[in-house]
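Everything on this sheet refers to the single structure shown next.
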Amino acid sequence: MQTYSMAAAPGLPAFSERLLAWFDVHGRHNLPWQHPRTAYRVWVSEVMLQQTQVVTVIDYFNRFMARFPKLDDLAAAPLDDVLALWSGLGYYARARNLHAAARVMAAQGIPDTLAHWLALPGVGASTAAAIMAQAFDAPATILDGNVKRVMARHAGIETPIEQAATIQALYYVAKRHTPSTRLADYTQAIMDLGATVCTRSQANCAGCPVSQDCVARVTDQVALLPARRARKPIPTRQAVFLQLEDDAGRFMLIRRPPSGIWGGLWCLPECPSKAFDEHAPSRSLGSVAAREAMLSQWSFTAKSDALQVAAFEHRFTHYQLRARIERVCVATGDNRQDNQDIRWFYHDELPHALPGLGLPQPIARFLIEYAAGKGG
Ligand code: SF4
């Protein structure tokens with residue numbers, strides 16, 4: 001079993017002391033959620049920062065706080081408003097969980113223990129620890145992707161980072177380095193070190209405050225750690241989205257089911273599709289029977305063949321989506337009605353409507369380009 005040397009070399013200050021001294025000079029002290037650093041603001045920022053970099057999160061956070069300055073504002077808002085402000089940030093389950101957790105907290109109060117944070121939707125161990133440390137200055141140890149990388153390198157942990165035993169070892173090391181004071185600063189400092197110095201592809205060891213006793217640096221393994229299992233190629237899923245256009249030139253958006261990809265977002269209807277050949281001509285891509293079955297649920301009839309008008313690829317965590325958008329002119333009769341799951345738009349309404357709707361980014365991009373092409 002691999003063992004880890006935790007004590008600093010003789011004469012070297014503790015890991016946390018060196019890190020905090022570096023943080024005081026080089027750390028990030030002006031992130032919007034630090035001023036003021038309330039539990040509500042820290043929680044929102046930590047959920048946004050799951051899977052997303054600080055530089056991307058800042059604008060989303062500021063817009064979010066302008067619209068929902070207090071927990072009660074978020075809890076009272078419709079989910080649609082939350083999804084609209086989340087649009088483009090991805091991983092929309094985070095927004096749904098944030099909204100659900102806000103409603104729990106509005107009723108029960110904001111937690112002040114790790115266990116109570118962990119009981120909320122969308123709050124895992126590292127997020128709960130980050131909130132406790134940053135909002136309450138409590139002794140909690142975070143282990144997000146940045147911290148895992150720093151710990152694996154500094155302690156020279158060579159086993160694949162996906163293994164449970166490796167995570168345990170990383171947590172052990174991270175906990176041993178966590179000081180008993182300045183928890184909020186230390187937590188920000190270790191995240192900053194991982195994000196700005198000990199980066200994935202270009203670690204700046206010369207500028208690192210804990211380089212003297214870093215095993216990866218000394219043994220020339222920085223580029224090799226953290227070790228990962230060989231990755232399997234991710235599968236590709238194919239999809240066809242329909243731009244259904246009525247006689248007046250309106251098109252239909254529907255709300256997607258609450259779970260699954262883009263859950264709860266507004267989108268062009270997705271038609272069950274047979275696999276298509278990406279090199280095939282642009283007509284007749286989905287199954288005609290599936291399309292007709294789909295139209296019949298709203299009592300629409302097709303007035304034209306399906307015509308491909310766009311194609312895009314989108315990467316999800318577990319697969320690559322390869323999608324086409326097909327336009328079909330439809331006769332709607334008296335069946336074209338807005339309700340909570342269906343909305344019709346003229347193209348020139350889009351620039352005003354889109355900011356208030358949560359749409360998947362590739363679909364929003366297509367609609368904006370389409371509206372611009374129409375002079376909308
Ligand atoms: S010395 Fe290099 S590899 Fe080690 S923790 Fe610092 S930046 Fe990372």
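Note that this is a predicted model, so its numbers are computed, not measured. Nothing fancy with the numbering, it's 1 onward along the sequence. Each ligand, and each atom within it, is numbered from 1 in the order the structure gives.
- Residues Arg41 and Pro36 form a side-chain contact, since some pair of their non-hydrogen atoms from C-beta on lies under 4.5 Å apart.
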Using a 3.5 Å cut-off and no angle test, enumerate the donor-acceptor pairs between side-chain atoms of residues 118-136 and protein atoms at least two apart in sequence or in another chain.
from	atom 1	to	atom 2	distance (Å)
Ser126	OG	Leu143	N	3.0
Ser126	OG	Asp144	N	3.3
Thr127	OG1	Gln50	NE2	2.8
Gln134	NE2	Gln188	OE1	2.9

Just list the side-chain donor-acceptor pairs under 3.5 Å for residues 257-265, sequence neighbours left out, or say none.
none

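- Tyr40 is not listed as a side-chain neighbour of Met105, based on a closest heavy-atom distance of 4.5 Å or more.
- Partners of Tyr60 according to the ring-ring contact (aromatic ring centres under 6.0 Å, His included) rule, which considers only residues two or more places apart in sequence or in another chain, do not exist here.
- Within 6.0 Å of the NE2 atom in His35, the count of heavy atoms belonging to other residues, nucleotides or ligands exceeds 12.
- The distance cut-off of 2.8 Å around atom 6 (Fe) of ligand 1 captures these protein N, O or S atoms, sorted by chain and number: Cys208 SG.
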